Amino acid sequence: MIANRRPDARLRFDPEALGLTARTRPFFRRGTVAVARALVGAWIARRWRGCWYGGRIVETEAYLGPLDRAAHSWGGRRTPRVEPMYGDGGLLYVFLVYGMHHCANVVTRREGQPEAVLLRAAEGRPGAPTRLMSGPGKLCAALGITAADSGIDLLDDGLRIFRDSGKRPHLAVSPRIGVDYAGEAKDWPLRFYDADSAAVSRR
DNA sequence: CACATGATCGCCT
DNA sequence: GGCGATCATGTGG
């Protein structure tokens, strides 16, 4: 179960009223780049005291495992912190950066294939502050996600990914943010975002 | 607008 | 012991 930390009240919404449907295991087990692209325009939502809170994802990054120097699982590194990345697709991997911010990732592929998608930004419904979730740390803070939630199952534990069959995002691609230390991997085009959204980070 | 800096701590070497 | 998948704030042009 997700830790009992309060999400921002301004992110409350009703997935059913929007016609959203929850994603299931096969979605997450696909290739990491495919999942990263498909997550732009999808919704991340958290259940808290019987209500749903969340927003539409507008920015993601793919992290490709042992061969990807920017990934925590680079070179096959396997420590307690990274363990959820080695689990089945659909798990959540959360870590603490810079001693104060959390980053949430959706684990992809299968057990033993440590790849994931970083959720970098989302936008709430009209009325919510535009930039409330315009960055990975801000997204976690707004939804009340912390490292205590690392390893939970997105199919099962009160945090979910929903498909939105509405308008498709205007997908754009770029290198990933903040991985200058990663050698040649720093230039790989693994960041995906909705070019029409005002909630994308680094604007 | 473009940098520059401080906060703060778990993780890995 | 060094540093990071960040963010807010401050400076100067």
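Just so it is clear: chains get the letters A, B, ... in the order the sequence lines come, proteins before strands, and each one is counted from 1. None of these values were measured; they are calculated from a predicted model. FYI, side chains are in, hydrogens and waters are out, and symmetry mates aren't considered; it's all heavy atoms of this structure.
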field: Side chain of A:Thr79 - closest among B:dC11, C:dT6, C:dA5
entry: B:dC11
task: Under 4.0 Å from any atom of DNA chain C, heavy atoms only: list the residues of residues 104-117 of chain A that qualify, in numerical order.
output: A:Asn105
query: Whole Å only: how far is the NE2 atom of A:His72 from the C1' atom of C:dG4?
result: 8 Å
query: Looking at side-chain heavy atoms only, is the closest gap between A:Tyr53 and A:Asp8 below 4.5 Å?
result: no
- request: Would you indicate whether A:Arg29, at its atom CZ, is surrounded by more than 12 heavy atoms from other residues, nucleotides or ligands within a distance under 6.0 Å?
  value: yes
- prompt: Given side chains that start at C-beta, do those of A:Leu143 and A:Trp48 come closer than 4.5 Å, heavy atoms only?
  reply: no
message: Centroid distance below 5.5 Å plus an interplanar angle below 30 degrees: do A:Phe95 and C:dA5 meet both conditions?
response: no
- request: State whether A:Arg5 and A:Asp149 are salt-bridged, where the test is any N-O pair (Lys NZ or Arg NE/NH1/NH2 against Asp/Glu carboxylate O) under 4.0 Å.
  value: no
query: Taking the side chain of A:Leu96 as heavy atoms from C-beta outward, which of C:dA5, B:dT8, B:dC9 is closest to it?
result: B:dC9
- prompt: Under 4.5 Å between any side-chain heavy atoms of A:Leu18 and A:Trp52, yes or no?
  reply: no
task: Round to the nearest Å and state the distance from A:His101 atom NE2 to C:dT9 atom C1'.
output: 12 Å
- prompt: Whole Å only: how far is the CZ atom of A:Arg78 from the C1' atom of B:dT13?
  reply: 21 Å
message: Using whole Å, what does the distance between atom P of nucleotide B:dG10 and atom CD of A:Glu83 come to?
response: 20 Å
message: With a 4.0 Å limit, can you tell me whether A:His102 has a side-chain N or O closer than that to the phosphate oxygens OP1/OP2 of C:dT6?
response: no
- request: Measure from the side-chain heavy atoms of A:Arg120 and tell me the nearest of C:dA8, C:dT6, B:dA7.
  value: C:dT6
message: Just N and O in the side chain of A:Tyr181: are any of them under 4.0 Å from OP1 or OP2 of C:dA5?
response: yes
- prompt: What nucleotide, of B:dT8, C:dT6, B:dT13, holds the atom closest to the side chain of A:Arg77?
  reply: B:dT13
task: Extract the stems that DNA chain C is part of, considering only consecutive pairing runs of at least three Watson-Crick or G-U wobble pairs, both distances under 3.5 Å.
output: B:1-7 with C:6-12, B:9-12 with C:1-4
- prompt: What integer distance in Å separates A:Tyr63:OH from C:dA5:C1'?
  reply: 4 Å
message: Starting the side chain at C-beta, find the nucleotide from C:dA5, B:dT8, B:dC12 nearest to A:Arg81.
response: B:dC12
task: Taking the side chain as every heavy atom from C-beta outward, state whether A:Val35 and A:Phe27 have any atom pair closer than 4.5 Å.
output: yes
message: In whole Å, I'd like the distance from the CH2 atom of A:Trp188 to the C1' atom of C:dA5.
response: 15 Å
- request: State which of C:dA5, B:dC12, B:dA7 makes the closest approach to the side chain of A:Val82.
  value: B:dC12
query: Expressed as a whole number of Å, how far does the P atom of C:dA5 sit from that of B:dC3?
result: 22 Å
Between C:dA5 (C1') and A:Glu61 (CD): distance, integer Å: 6 Å
- prompt: Could A:Asp153 and A:Arg25 be called an ion pair, given the rule that one side-chain N must be under 4.0 Å from one carboxylate O?
  reply: yes
- request: Please indicate whether A:Arg81 has more than 12 foreign heavy atoms, meaning atoms of other residues, nucleotides or ligands, lying under 6.0 Å from its CZ.
  value: yes
field: Spacing between A:Lys186 atom NZ and C:dG4 atom C1', to the nearest angstrom
entry: 17 Å
Side chain of A:Ile177 - closest among C:dA5, C:dT6, B:dA7: C:dT6
- prompt: Taking only residues two or more places apart in sequence or in another chain, which ones pass side chain to side chain donor-acceptor pair (under 3.5 Å) with A:Asp68?
  reply: A:Arg176
- prompt: Under 4.5 Å between any side-chain heavy atoms of A:Leu96 and A:His102, yes or no?
  reply: yes
